[in-house]
Amino acid sequence: MNDIFLRACRGEEVDYTPVWLMRQAGRYLPEYQAVRAHVDFLTLCKNPKLAAEVTLQPVDILGVDAAILFSDILIITEPMGMRLEFSEKEGPVLSEPVRSKASVERLIIPDIEEDLPFVLDTIKILRKELENKVPLIGFSGSPFTLATYMIEGGTSRNFIHTKKLMFQNNVVFSYLMEKLTDTVIAYLSAQIKAGVQAVQIFDTWAGILAPADYRKFALPYVKKVISDLRKGGVPIIYFVNDCAGILKDVKKSGADVIGIDWRIDLSDAVKKLGKNMAVQGNLDPCALFLPREKLEERVKDILWKGEAAKSHIFNLGHGVLPPTPVENVIALVDAVHTFGKKW
Ligand code: CP3
């Protein structure tokens with residue numbers, strides 16, 4: 001098996017910089033669209049055979065060094081007792097948002113084997129399919145990012161409901177965060193038990209918080225998740241979107257690898273994290289619309305800057321966008337493999 005990604009996560013020596021991409025399976029791939037033409041998104045996530053098929057598409061088409069389980073961070077909200085829909089226009093919609101003590105009390109900490117067997121079955125299929133290929137990454141949203149969706153009822157602009165609950169009713173907010181922390185621990189532990197070889201925690205919305213609020217309302221919970229997962233023995237990646245202002249605190253999470261968005265220069269991120277941290281990132285997803293030579297220049301620049309870290313896994317600073325030309329994504333992976341050789 002190509003274990004270069006796992007070696008880089010552990011800070012071991014590698015022959016070249018490994019690469020995988022957030023949202024590497026998705027709407028920009030015609031092969032994904034072909035599967036989606038017959039099933040809606042949630043049905044796809046819940047069908048292990050199809051979910052495994054779309055997970056493998058980018059491994060074969062792009063030649064990336066890791067596969068990421070095809071699912072969604074919001075899948076966990078259903079067995080917690082919420083109603084989840086994905087609308088073409090609005091994205092995810094969670095009806096009856098959680099904003100009161102009673103609504104937090106109603107939330108269930110799921111039994112993953114019972115409630116989400118399709119996720120674990122997908123992992124088991126994938127481990128067989130990927131045996132001689134690349135490692136499989138499992139994932140979850142962070143407690144804070146999951147809380148924002150559950151409180152707002154979907155994506156938000158100013159996160160007013162989340163911050164109101166945080167600031168006006170901290171007891172209820174903390175109660176929700178504690179339930180989410182236990183849920184995320186159970187979810188990722190079950191994924192590890194089923195066979196994922198690394199996990200990534202997505203903190204898409206941590207960057208909306210003032211640093212002091214991040215330290216108080218988000219960091220302690222993700223720290224608990226990470227320390228509890230240590231016994232699982234797999235590398236833990238913590239991706240924080242819009243991380244520039246909070247990187248020093250993000251480091252305290254205890255993750256093995258910190259995933260960085262594109263709004264900060266990778267050199268500055270490495271400086272803030274220190275040379276003993278492994279980093280992942282951080283090309284602007286829109287750089288995939290640049291002409292080939294310009295794209296390659298940016299790849300070389302990021303690879304060079306990544307050399308200062310303990311180790312570097314190449315990725316985008318956020319997910320691949322749906323209108324991205326596939327040939328540019330293939331060119332990106334090739335460029336990383338060509339220019340990221342260590343000798
Ligand atoms: O390839 C992979 O990265 C694995 C699959 C994956 C998806 N979502 C598939 C998906 C992963 C890891 C996620 C994580 C996820 N989901 C996050 C964290 C990362 C990030 O993007 O910040 C978040 C915030 C979500 C919630 C979510 N799911 C939103 C806001 C949306 C709608 C907007 C959008 O980007 O499409 C989704 C839908 C979604 N998740 C799609 C896919 C492939 C598109 C669904 C479709 O086929 O129509």
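Remember, it's 1-based here, ligands and their atoms both numbered in the order they're listed. Atom set for the values below is all heavy atoms of this structure, side chains included, hydrogens, waters and symmetry mates excluded.
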Pair [X]-[Y], side-chain donor/acceptor within less than 3.5 Å:
{"X": "R263", "Y": "N241", "result": "yes"}
{"X": "T17", "Y": "K341", "result": "no"}
{"X": "E96", "Y": "S103", "result": "no"}
{"X": "N2", "Y": "D65", "result": "yes"}
{"X": "D256", "Y": "Y238", "result": "no"}

Does [X] come within less than 4.0 Å of ligand 1, judged by its heavy atoms?
{"X": "Q200", "answer": "no"}
{"X": "S71", "answer": "yes"}
{"X": "L44", "answer": "no"}
{"X": "Y149", "answer": "yes"}

- Query: Any side-chain heavy atom of F239 sitting closer than 4.5 Å to one from D203?
  - Reply: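 Heavy-atom side-chain distance check fails, nothing below 4.5 Å.
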Starting from [atom], find the nearest protein heavy-atom neighbour and note its residue, name and distance.
{"atom": "atom 25 (C) of ligand 1", "answer": "I73 CG1, 3.5 Å"}
{"atom": "atom 48 (O) of ligand 1", "answer": "R36 NH2, 2.9 Å"}
{"atom": "atom 16 (N) of ligand 1", "answer": "D72 OD1, 3.0 Å"}
{"atom": "atom 3 (O) of ligand 1", "answer": "R23 N, 2.7 Å"}
{"atom": "atom 42 (C) of ligand 1", "answer": "F41 CE1, 3.5 Å"}
{"atom": "atom 19 (C) of ligand 1", "answer": "F202 CD2, 3.4 Å"}
{"atom": "atom 38 (C) of ligand 1", "answer": "F86 CE2, 3.6 Å"}
{"atom": "atom 36 (O) of ligand 1", "answer": "R27 NH2, 2.3 Å"}

Per-atom contacts of ligand 1 with [X], taking only distances under 4.0 Å to non-hydrogen atoms:
{"X": "T204", "result": "18 (C), 19 (C), 20 (C), 22 (O), 24 (C)"}
{"X": "F70", "result": "43 (C)"}
{"X": "P92", "result": "29 (C), 30 (C), 31 (C), 32 (C)"}
{"X": "H318", "result": "20 (C), 21 (O), 22 (O)"}

- Message: Side chain, backbone, both or neither: which applies to F139 and ligand 1 if a contact is any heavy-atom pair less than 4.0 Å apart?
- Response: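 Contact part for F139 vs ligand 1: side chain (C-beta onward).
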- Residue part near ligand 1, for L69, under 4.0 Å between non-hydrogen atoms: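 The answer is the backbone of L69.
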- Message: Quick check for you: to the nearest 0.5 Å, what is the distance between F144 atom CZ and T204 atom OG1?
- Response: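 Going from CZ on F144 over to OG1 on T204, the span is 11.0 Å.
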- OG1/T77 to CG/L146 distance, rounded to the nearest 0.5 angstrom?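 Nearest 0.5 Å value for the OG1-CG distance: 8.0 Å.
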- From CA spacing to verdict: side-chain contact (heavy atoms from CB on, under 4.5 Å), E53, L50: CA-CA 5 Å; E53 181 184 331; L50 290 178; 3.7 Å; yes
- Item | Test log, rule salt bridge (Lys or Arg N to Asp or Glu O under 4.0 Å), inputs K193 and E113 | CA-CA 10 Å; K193 196 171 152 215; E113 269 88 9; 3.8 Å; yes
- Output all residues satisfying side-chain hydrogen bond (donor to acceptor under 3.5 Å, both in side chains) with Q200, sequence neighbours left out; order by chain, then residue number.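 Residues passing side-chain hydrogen bond (donor to acceptor under 3.5 Å, both in side chains) with Q200: Q280.
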- Query: For N328, what residues pass the side chain to side chain contact (heavy atoms under 4.5 Å, CB included) criterion, not counting sequence neighbours?
  - Reply: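 Counting only residues at least two positions away or on another chain, N328 forms a side chain to side chain contact (heavy atoms under 4.5 Å, CB included) with L288, R292, P325.
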Using distance alone, determine whether [X] and ligand 1 share an N or O pair under 3.5 Å.
{"X": "E88", "answer": "no"}
{"X": "W205", "answer": "no"}
{"X": "T155", "answer": "no"}

- Y32 and F70: aromatic ring centres closer than 6.0 Å?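 Y32 vs F70: aromatic centres under 6.0 Å.
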